[in-house]
Every structure is written in structure tokens, then in C-alpha cells.
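Counting begins at 1 with the first residue of the sequence.
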Amino acid sequence: MNKLELLEYLEKNSTAVITFKSKALDYQNMKNQKRQPAKRWNAAKIERAVDKMLDQFIDSIFNKLKSAIKEDKYNPRDSWIKFMDANNILGDLEESVIEMEFE
């Protein structure tokens, strides 16, 4: 499984990505309100910042999982899914994102 496949899997099977993006958007909007009016970002720039935060979040998850998963060379995607199911990764990830706070 690559990073894009992981993101797609998480989007289809978990609320973690939606929750993360919502929290990241709130954080970026809050940061934006603290900027001087002339230096505030437009909505597109805020969205890019949220997308960058999400990309870093997915990178972190991917790298941690990749080091723990023994991939079946004939069906690597199933290896990832089985590992995530067996270790309740989606549930733990959702809980972590709910508790997450940006500073």
C-alpha cells in the first residue's frame, strides 16, 4: 500500500481524515484571524495549508505502519488491511484525532 492508497482507505473506512481536516481548518482559520488584516490569507491559501498538514499526518501514519507491517509480496494491500484490523488501528487513530489539539 502506498500513501495515496492509505489515504483513500482511511477516507472510506474511518472518520479520522474528516475530523483531522476539520480541526486543521479551524486551527488555520484561528491563526489567520490573528494576522494583521493586510496579511491575512485567502481561503485557497488556508486550504493549501490544511492539505499540507493532512499530507504530513498521512506521511507519519504511513511511515509508522510501514515499519510494522510484513507485506505479502503478492497481495500487499491485504497485509496492510489485516494488520490494521488486527491491531484496531482505525479505532485508535480516530480516538487520537478526536483528542488532538493544534497549537
Side-chain angles (χ1 to χ4, degrees):
M1 188 176 279
N2 62 35
K3 290 176 194 171
L4 181 58
E5 291 171 329
L6 177 61
L7 174 60
E8 290 170 356
Y9 181 80
L10 292 174
E11 287 175 330
K12 289 179 184 172
N13 297 288
S14 169
T15 61
V17 172
I18 293 168
T19 305
F20 181 89
K21 285 180 81 169
S22 175
K23 286 183 172 234
L25 182 60
D26 290 346
Y27 169 73
Q28 288 297 337
N29 281 324
M30 186 176 63
K31 266 181 67 172
N32 200 38
Q33 289 302 313
K34 292 179 182 178
R35 292 185 179 98
Q36 296 296 322
K39 295 190 178 203
R40 288 193 181 140
W41 293 356
N42 62 26
K45 192 164 184 174
I46 290 171
E47 277 297 319
R48 285 192 301 273
V50 169
D51 290 343
K52 184 177 179 183
M53 290 174 73
L54 178 62
D55 189 50
Q56 291 170 341
F57 177 64
I58 297 298
D59 278 349
S60 175
I61 295 166
F62 177 82
N63 290 329
K64 287 176 184 173
L65 288 174
K66 186 176 182 178
S67 65
I69 296 172
K70 304 279 190 250
E71 283 189 1
D72 174 352
K73 69 179 182 178
Y74 298 109
N75 205 346
R77 181 179 168 85
D78 280 352
S79 301
W80 281 69
I81 294 169
K82 285 177 185 174
F83 180 86
M84 288 188 281
D85 288 346
N87 293 284
N88 193 32
I89 300 295
L90 297 183
D92 291 346
L93 184 60
E94 287 175 1
E95 286 180 30
S96 295
V97 171
I98 288 169
E99 295 172 3
M100 190 179 285
E101 292 184 24
F102 298 112
E103 296 178 9

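The NZ atom of Lys70 sits 16.0 Å away from atom NZ of Lys82, with the distance rounded to the nearest 0.5 Å. Here the NZ-CD distance, from Lys21 to Glu11, works out to 7.0 Å after rounding to the nearest 0.5 Å. Note that NZ of Lys64 is 10.5 Å distant from CD1 of Ile89, once rounded to the nearest 0.5 Å. For the atom pair Leu7 CG and Lys12 NZ, the distance stands at 10.5 Å (nearest 0.5 Å). Considering CG of Leu93 and CE of Met84, their distance stands at 10.0 Å, rounded to 0.5 Å.
With a 4.5 Å cut-off on side-chain heavy atoms, Asp51 and Asp55 do not count as touching. Contact check for Lys3 versus Ile61: no side-chain heavy atoms found under the 4.5 Å cut-off. Side-chain contact between Ile58 and Phe20: absent, with no pair of heavy atoms (C-beta onward) separated by less than 4.5 Å.
Looking at residues two or more places apart in sequence or on another chain, you find no side chain to side chain donor-acceptor pair (under 3.5 Å) involving Lys52. For Asn13, the side-chain contact (heavy atoms from CB on, under 4.5 Å) partners at least two apart in sequence or on another chain are Tyr9, Leu90. A search for side-chain contact (heavy atoms from CB on, under 4.5 Å) contacts involving Lys45 returns Trp41, Asn42, Arg48, not counting sequence neighbours.
Screening Asn2, Leu4, Leu10 for a side-chain contact (heavy atoms from CB on, under 4.5 Å) with Leu6, the sole residue that qualifies is Leu10.
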What side-chain donor-acceptor pairs closer than 3.5 Å can you find for residues 94-103, not counting sequence neighbours?
| from | atom 1 | to | atom 2 | distance (Å) |
| --- | --- | --- | --- | --- |
| Glu94 | OE2 | Ser14 | OG | 2.9 |
| Glu94 | OE2 | Thr15 | N | 3.0 |
| Ser96 | OG | Asp92 | O | 3.0 |

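Under the 4.5 Å side-chain heavy-atom criterion for Ile, Leu, Val, Met, Phe, Trp and Tyr, Met53 and Phe57 are members of the same hydrophobic cluster.
Listed by first then second residue, pairs satisfying ring-ring contact (aromatic ring centres under 6.0 Å, His included) with a partner in residues 67-89 read Phe62-Trp80, not counting sequence neighbours. Under the side chain to side chain donor-acceptor pair (under 3.5 Å) criterion, the residue pairs touching residues 27-38 are Asn32-Arg35, with sequence neighbours excluded.
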